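Quick caveat: nothing in here was measured; it's all calculated off a predicted structure. Chain naming here is simple, since letters A, B, ... match the order of the sequence lines and numbering starts at 1 in each.
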2 protein chains.
Amino acid sequence: MARYRVGLETRERILEATRTLLAEDGIDGVTLKRITTVAEVGVGSFYNLFDSKEAAVFEVIRQALDAVDPHRGSSDGDTLAELIDAFVSFMTGPSPIARIYLQLAGLGLTDAAIAQRVLRSHRRRVQRFAAACQREDPALTDEQAREQAQTIMAALTGLGLTALIDPAFDMRAHAERLVVGGGAGSAPSADASVERSE
Amino acid sequence: MARYRVGLETRERILEATRTLLAEDGIDGVTLKRITTVAEVGVGSFYNLFDSKEAAVFEVIRQALDAVDPHRGSSDGDTLAELIDAFVSFMTGPSPIARIYLQLAGLGLTDAAIAQRVLRSHRRRVQRFAAACQREDPALTDEQAREQAQTIMAALTGLGLTALIDPAFDMRAHAERLVVGGGAGSAPSADASVERSE
DNA sequence: CAGAACTTTGAGCGCTTGCTCAAAGTTGAG
DNA sequence: CTCAACTTTGAGCAAGCGCTCAAAGTTCTG
């Protein structure tokens, strides 16, 4: 839609503005007026570059979902610890994308289309985590690894949500505790819940 | 505001309609028009009973937050397992309230007022979990118990979110795995992540 | 049964929303 | 330099929003 240099730049300014507003004020806070004001662009220009407001928002969201799973395919040899560390960094880092991602998950609770997008991204990540689990313990069946990964991912998502709502929450510390005991060891021995060191 | 019997009944119908719409379509889906249509009430009647649309929504939300922590004060002797079981039941049960609660948490990411309400409720629950942790292991310091409870709560929230988005997700099974290994044993022994049975 | 207190009603107000469109301006290949 | 292709612009539209208000109806006390 944009073919001249200026057009591409304007497009970027609009996406940047949309991204900022999405992270700051949530999806409800994103209005055409605000986008065009922040991007310093006329309403008409916006519609020259995007089919609708939704199109711009979805473009930002698509980028956000991709960002959760950055180098897919390339570095497949990550350890579980590295994957978790990367996820924690993503959640607690300065980028506004994590906020968008989590809010999106919340909206997925009542919007099937959004749920589908979020789930696709989520499952892709679960698969990478499962692979890492199996790399650390080759004895695990595919199913076991997948379930383990699911638990870790879900829990990490919850930790991220808590961390972004409560600034005092130290996500990294909690994530470490989570995995040392729970994620890796799916031991069905009930004793584990009684015996504890320290 | 409502003092006659009919008025109180109307008020209940409105809250019920608001609750349903909130759970089905999320906060964005709740419009005055829809509330009054579903409740079979004129717009004017609504404003005779509530100061604003927001007031009705907040009333439902307040009830939702209370529902997460049902019998506070009364039965303080719950075991950790019981508390977790209750939370899982709340999340996976038929009530629409869990959906509202989680969506609210998502919206708390960009709305300070909502965040405050959610956090207050969350912390109250963490406190009960911490007490249960300490009951099971009196050796734990207050701080240790609180951190352990925080991890469990955050993880459970994440599991609940995943379960509500993905119907195929078995929250109870994952919650059990989570706690057997991770929640109770904050063992810093790295070995735990290597040793696993089955 | 009188009548004050409470409830119900929906047309319509003011405002915001996403979006259109015709006219004017800018870009860059030939 | 030419000129078609692309970009910019904001007034204004239709639709939807939360909400008001005066008139009519209902409830329940004394």
Side-chain angles (χ1 to χ4, degrees), chain A residues 1-62 100 103-104 107 110-111 113-114, chain B residues 1-62 100 103-104 107 110-111 113-114:
Chain A
M1 227 146 181
R3 288 190 231 177
Y4 282 14
R5 186 184 45 80
V6 279
L8 291 170
E9 282 171 5
T10 304
R11 203 184 132 87
E12 273 316 303
R13 273 215 314 287
I14 289 173
L15 286 175
E16 177 63 30
T18 307
R19 194 177 299 120
T20 304
L21 291 171
L22 219 44
E24 276 177 4
D25 307 316
I27 278 197
D28 299 351
V30 179
T31 66
L32 204 61
K33 186 95 196 310
R34 299 195 68 190
I35 292 176
T36 54
T37 301
V38 171
E40 294 180 311
V41 160
V43 191
S45 292
F46 179 94
Y47 281 95
N48 180 43
L49 295 161
F50 295 91
D51 287 340
S52 63
K53 188 196 86 169
E54 209 182 25
V57 171
F58 270 29
E59 173 64 21
V60 169
I61 284 172
R62 200 188 53 74
I100 298 174
Q103 188 158 77
L104 211 63
L107 292 172
T110 53
D111 186 318
I114 292 182
Chain B
M1 226 144 182
R3 289 190 229 176
Y4 283 15
R5 187 183 45 79
V6 279
L8 291 170
E9 282 172 6
T10 305
R11 203 185 131 87
E12 272 317 302
R13 275 217 312 288
I14 290 173
L15 286 176
E16 178 62 31
T18 307
R19 194 176 299 119
T20 304
L21 290 172
L22 218 43
E24 276 178 2
D25 308 315
I27 278 197
D28 300 352
V30 179
T31 66
L32 204 61
K33 185 95 196 308
R34 300 195 67 191
I35 291 176
T36 54
T37 300
V38 171
E40 292 179 313
V41 158
V43 192
S45 293
F46 179 95
Y47 280 95
N48 181 44
L49 295 161
F50 296 92
D51 287 340
S52 63
K53 189 195 83 169
E54 209 182 26
V57 171
F58 269 29
E59 173 65 20
V60 169
I61 283 171
R62 201 187 54 74
I100 300 174
Q103 188 158 74
L104 211 62
L107 292 173
T110 53
D111 186 317
I114 292 182

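Taking all atoms of both residues into account, the shortest heavy-atom contact from A:Ala56 to A:Phe46 is CB-CZ, 3.8 Å. Of all heavy-atom pairs between B:Ile14 and B:Ala39, the closest is CA-CB, 3.9 Å. The two residues A:Val30 and A:Leu22 come nearest to each other via the heavy atoms CG2-CD1, 3.3 Å. Nearest heavy atoms, B:Asp111 versus B:Ala113: OD1-N, 2.9 Å. A pairwise comparison of heavy atoms in B:Lys53 and B:Ile35 identifies CG-CD1, 4.2 Å as the closest pair.
Counting heavy-atom neighbours within 6.0 Å of B:Glu9 CD, excluding the residue itself, gives a total above 12.
A:Arg3 has its CZ atom 16 Å from the P atom of D:dA4, to the nearest Å.
Annotation: proximity of residues 30-53 of chain B to DNA chain D (heavy atom, distance under 4.0 Å) is found for B:Val30, B:Thr31, B:Leu32, B:Val43, B:Gly44, B:Tyr47, B:Ser52, B:Lys53, numbered in ascending order. Listed by residue number, there are no residues of residues 11-27 of chain A with a heavy-atom contact under 4.0 Å to DNA chain C.
Partners of B:Val38 by side-chain contact (heavy atoms from CB on, under 4.5 Å), not counting sequence neighbours, listed by chain and number: B:Ala17, B:Leu21.
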> side chain to side chain contact (heavy atoms under 4.5 Å, CB included) between A:Ile27 and B:Thr110: does it pass, once the steps are laid out?
Replying inline: CA-CA 9 Å; A:Ile27 278 197; B:Thr110 53; over 6 Å; no

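Close approach of DNA chain C to chain A, defined as any atom under 4.0 Å from a non-hydrogen atom of the protein, starts and stops at C:dT17 to C:dG28.
With contacts defined as side-chain heavy-atom distances shorter than 4.5 Å, the pair A:Glu12/A:Leu15 qualifies. At least one side-chain heavy atom of B:Leu32 sits under 4.5 Å from a side-chain heavy atom of B:Tyr47.
The strand DNA chain D forms stems, runs of 3 or more Watson-Crick or G-U wobble pairs with distances below 3.5 Å, at C:1-30 with D:1-30.
Taking CD of A:Gln103 as the reference point, atom CD of B:Gln103 lies at 9.0 Å (rounded to 0.5 Å).
Applying the side chain to side chain donor-acceptor pair (under 3.5 Å) definition to pairs two or more places apart or across chains, those involving residues 13-25 of chain B are B:Glu16-B:Arg19, B:Arg19-B:Gln63, B:Asp25-B:Arg34.
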